[in-house]
Number of protein chains: 2
Amino acid sequence: MSSNVTLKHIAEALGVSAMTVSRALNNRSNVDARTKRRILEKARSMGYTPNHVAKSLVSSKTYTIGVVIPEITHAFFPEVVRGIEEEVYTSEYQLFLTNSNEQFSREKDAIRALLSKRVDGILISSSQTEEDFEFYKELVQSDTKIVFFDRCIEGIGASCVSVNDRESSRQITSHLVEVHNYSRIAYLSGPQNVSIGRKRLEGFLKALNEHEVRIRNEWIVEAGFREEEGFRAMKKLLETTAGERPEAVVTINDPCAIGAMRAIEEAGLSVPEDMAIVGFTDDIRAPLLKVPLTTVHQPAYEVGKKAACKLIHTIEDENEAVENLEVPTTLKIRASCGCMRS
Amino acid sequence: MSSNVTLKHIAEALGVSAMTVSRALNNRSNVDARTKRRILEKARSMGYTPNHVAKSLVSSKTYTIGVVIPEITHAFFPEVVRGIEEEVYTSEYQLFLTNSNEQFSREKDAIRALLSKRVDGILISSSQTEEDFEFYKELVQSDTKIVFFDRCIEGIGASCVSVNDRESSRQITSHLVEVHNYSRIAYLSGPQNVSIGRKRLEGFLKALNEHEVRIRNEWIVEAGFREEEGFRAMKKLLETTAGERPEAVVTINDPCAIGAMRAIEEAGLSVPEDMAIVGFTDDIRAPLLKVPLTTVHQPAYEVGKKAACKLIHTIEDENEAVENLEVPTTLKIRASCGCMRS
DNA sequence: TTGTAGGCGTTATCAC
DNA sequence: GTGATAACGCCTACAA
């Protein structure tokens, strides 16, 4: 497939050496202007396409970045990818996209494959669990250039780009207490072996503590990042709390909240009258729902752009600092929390 | 970055030749079981990662596929990408993802870069215009393995995977006429230099002709694939039809319809009472809208999977036939057309 | 079963 | 300004 014309072919056709052709094609100074023109002309007419595989072998640089995301259909990630795309496009890198489908084994497979393809660096939003911490530690120690985004693993020597999950979660929870005076608040959590799962829960608990609202462990249900998981967790919560229902529910993210809203509706209850609910992400669907979702807006595009930018700097400059970058969130107050009640 | 351990290093450490190491690592039969075990052991302890760049140079096969999509944030495409991902994951290929951002110049840049990286084949959803037809013709003639999906260029010798756009468009338009008896129907079209832009418009016109409904050229407004374009086109349509408004509007796709609905709302009109509207895609948001959108469901995941499958066959078998594959659509009847009126 | 030679397409280096 | 040579890491083909 594609051009099998090589430097040598052009060289032979013109009676010069491959080296001269290489120099001409790469705009080196020390080539006679006339020969250069002849070479460029011939290269075009023969349909020459430079072979980056060979270039990479010599330079051990591929101008390629691997991206590992857990779920391409969660609307947050395509937006992140667009940010990454935009950044690498201007820097002439290309993207290997891999989808771990929330499975750590696939994540590891993907990374190993990327390493074999000798990518210059990797952007990762991990679906990792505690146990697998070691894997990334070794990766960083072997001098692999890595930047985490959104779902980070901190303290192992790699940079991270994310939002302030703990604080944002605290804020949106506080909104429920301060503005709406809810005191019976439940939580649909993410997996506790994922950093944002822990941090968002911590923020939730912190808010309750600050306002001296009672924390009930049986009202903290592990759901997950996906709509179906939110749906199931909410069903479970409704069953176990038939007597005394929560007034409000905080969720790990928007897909989870959307699933939960479906469960609430199916139970014949209404949002926010019977139960208020808030999310996290600001999914593309959030403002369009029958009851628009109050949530934390994460600037996905910015996260992607910043992460890609940081990675490229890390690749191109040995001395680039390792740091945790944060992009600011904003609260999106809509109807599902009880504001704007009609 | 990453392992700089090579076959030679392992060979030296063990006092064997690089060739023996290569054979052991690639599971060839002709290696002594004991030496093999020693080599595998050593490779692991030294942290060897095979260098696919070098492999590719030898085999001129990269196990890499390029994907060119026009807009990663249009919800249809991430779903397609997931389908592609799933297919290539099982076939051990990896994906270069590129986003043309609906610009043909970026699309060409992307393809040239992919060609230089010597991808084994390319999946394309084109943002092409008539003039640029030549580009793809040459690509196919140079024996580049290509499969188009969704936005296809037919008749140039490359396979296509798409839905039956003309027929689906005819069906949803017929629904408006047959079920709802609308006779004043407008159309927000896609670009006419893109195949699906033309085909969907043809289907619309065919339906009107079949039912002897009057076609008014001034009610066919070129919008585009994006929400903002739908919004603007609808505003324009509302201005120019102040006297006699259309009863219903057919749109090129869901984002366009969603933008148009916003324009309708801002004009103080309501859907479907003042104006019915239908889309095409079945965007993730379609069922969640305040007035759920009647639309054509395109099985995006299937499209991706089928296209990737076809491409891999085309890559691996010289004799794989060139064909136009169609995946069936279904009509999603919701409220925006006037059905299920409350 | 194992090793040697040569080459994939490109570039760095040194010589002319 | 241009060319020969070696090297990047691996594999095919042939030899031992």
Side-chain angles (χ1 to χ4, degrees), chain A residues 1-40 42-43 46-64 112-120, chain B residues 1-40 42-43 46-64 112-120:
Chain A
M1 122 145 209
S2 97
S3 146
N4 27 16
V5 183
T6 71
L7 291 185
K8 213 194 284 182
H9 297 145
I10 302 178
E12 279 165 7
L14 252 40
V16 297
S17 78
M19 217 28 243
T20 304
V21 179
S22 169
R23 282 193 267 254
L25 259 24
N26 287 287
N27 256 321
R28 299 300 174 80
S29 52
N30 47 353
V31 183
D32 182 81
R34 279 237 320 286
T35 5
K36 181 168 171 181
R37 203 164 322 128
R38 281 173 59 218
I39 290 171
L40 261 42
K42 200 71 182 174
M46 293 179 77
Y48 172 77
T49 319
N51 185 331
H52 271 277
V53 176
K55 275 194 187 191
S56 297
L57 187 58
V58 175
S59 64
S60 61
K61 176 110 174 76
T62 56
Y63 284 95
T64 284
R112 277 193 272 263
L114 292 171
L115 253 25
S116 271
K117 295 252 163 93
R118 293 294 187 267
V119 294
D120 296 329
Chain B
M1 122 145 211
S2 98
S3 145
N4 27 16
V5 183
T6 70
L7 292 185
K8 213 197 281 181
H9 296 146
I10 302 178
E12 279 165 7
L14 252 39
V16 298
S17 78
M19 224 18 252
T20 305
V21 178
S22 168
R23 283 192 268 252
L25 259 24
N26 288 288
N27 255 320
R28 299 301 174 81
S29 52
N30 47 354
V31 183
D32 182 80
R34 280 238 319 285
T35 7
K36 181 168 171 181
R37 204 164 321 128
R38 282 172 60 217
I39 290 172
L40 261 42
K42 200 70 182 174
M46 294 179 76
Y48 173 76
T49 318
N51 185 329
H52 270 278
V53 176
K55 274 193 185 184
S56 296
L57 188 58
V58 175
S59 64
S60 63
K61 176 109 173 76
T62 57
Y63 283 97
T64 284
R112 277 193 272 263
L114 292 171
L115 254 23
S116 272
K117 295 252 163 91
R118 294 294 188 267
V119 294
D120 296 329

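Note on naming: letters A, B, ... go to the chains in the order of the sequence lines (proteins, then strands), and numbering restarts at 1 for each one.
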Under 4.0 Å: is that the gap between some side-chain N or O of A/S22 and OP1 or OP2 of C/dT11? yes
Output yes when a side-chain donor or acceptor of A/R38 lies under 3.5 Å from a complementary backbone atom of A/L14, and no otherwise. yes
I need the CZ-P distance between A/R23 and C/dG9, as an integer number of Å. 20 Å
Base, sugar-phosphate, or nothing: which does A/V53 touch, judged by heavy atoms less than 4.0 Å apart? nothing
Could you tell me whether A/N30 contacts a base, only the sugar-phosphate backbone, or nothing, with contacts defined as non-hydrogen atoms closer than 4.0 Å? base
Look at the side chain of A/R118 and the base of D/dG9, then say whether one donor and one acceptor between them are separated by less than 3.5 Å. no
What integer distance in Å separates A/L7:CG from C/dG7:P? 17 Å
Roughly how many Å is it from CE in B/M19 to P in C/dA5, rounded to a whole number? 14 Å
Gap between atoms NE2 and C1', on A/H9 and C/dG9 respectively (whole Å): 10 Å
Compare the minimum distances between each of C/dT11, D/dT2, C/dG7 and the side chain of A/K55, then state the nucleotide with the smallest one. C/dT11
Given D/dG9, D/dC8, D/dA4, which nucleotide is nearest the side-chain atoms of A/S17? D/dA4
Looking at B/H52, is its backbone amide N or carbonyl O close enough to the side chain of B/S56 to form a donor-acceptor pair, meaning the two atoms are under 3.5 Å apart? yes
Rounded off to whole Å, could you give me the CZ-to-P distance for the A/R38 and D/dG1 pair? 16 Å
Residue A/A54, side-chain heavy atoms: nucleotide from C/dG9, C/dG3, D/dG9 that is nearest: C/dG9
Whole-Å distance separating the NZ atom of A/K36 from the C1' atom of D/dT2: 15 Å
Which is true for A/V31 with a 4.0 Å heavy-atom rule: it touches a base, it touches only sugar-phosphate, or it touches nothing? sugar-phosphate
Please check: side-chain N/O of A/S116 versus main-chain N/O of B/P50, any donor-acceptor pairing under 3.5 Å? yes
Sugar-phosphate, base or nothing in reach of A/T35, heavy atoms under 4.0 Å: sugar-phosphate
Rounded distance in Å - CZ (A/R28) to P (C/dT13): 10 Å
Rounded to whole Å, CG of B/L57 lies from C1' of C/dT10 at a distance of 8 Å
Does a side-chain N or O from A/T20 land closer than 4.0 Å to OP1 or OP2 of D/dG3, or not? yes
Assign each of B/A33 and B/V58 to its nearest nucleotide of DNA chain C by heavy atoms, then name whichever residue's nucleotide is nearer the 5' end. B/A33
Quick one: does any side-chain atom of B/D32 pair with a main-chain N or O of B/R34 as donor and acceptor, under 3.5 Å? yes
Examine distances only and state if a side-chain atom of A/K117 and a backbone atom of B/Y63 form a donor-acceptor pair shorter than 3.5 Å. yes
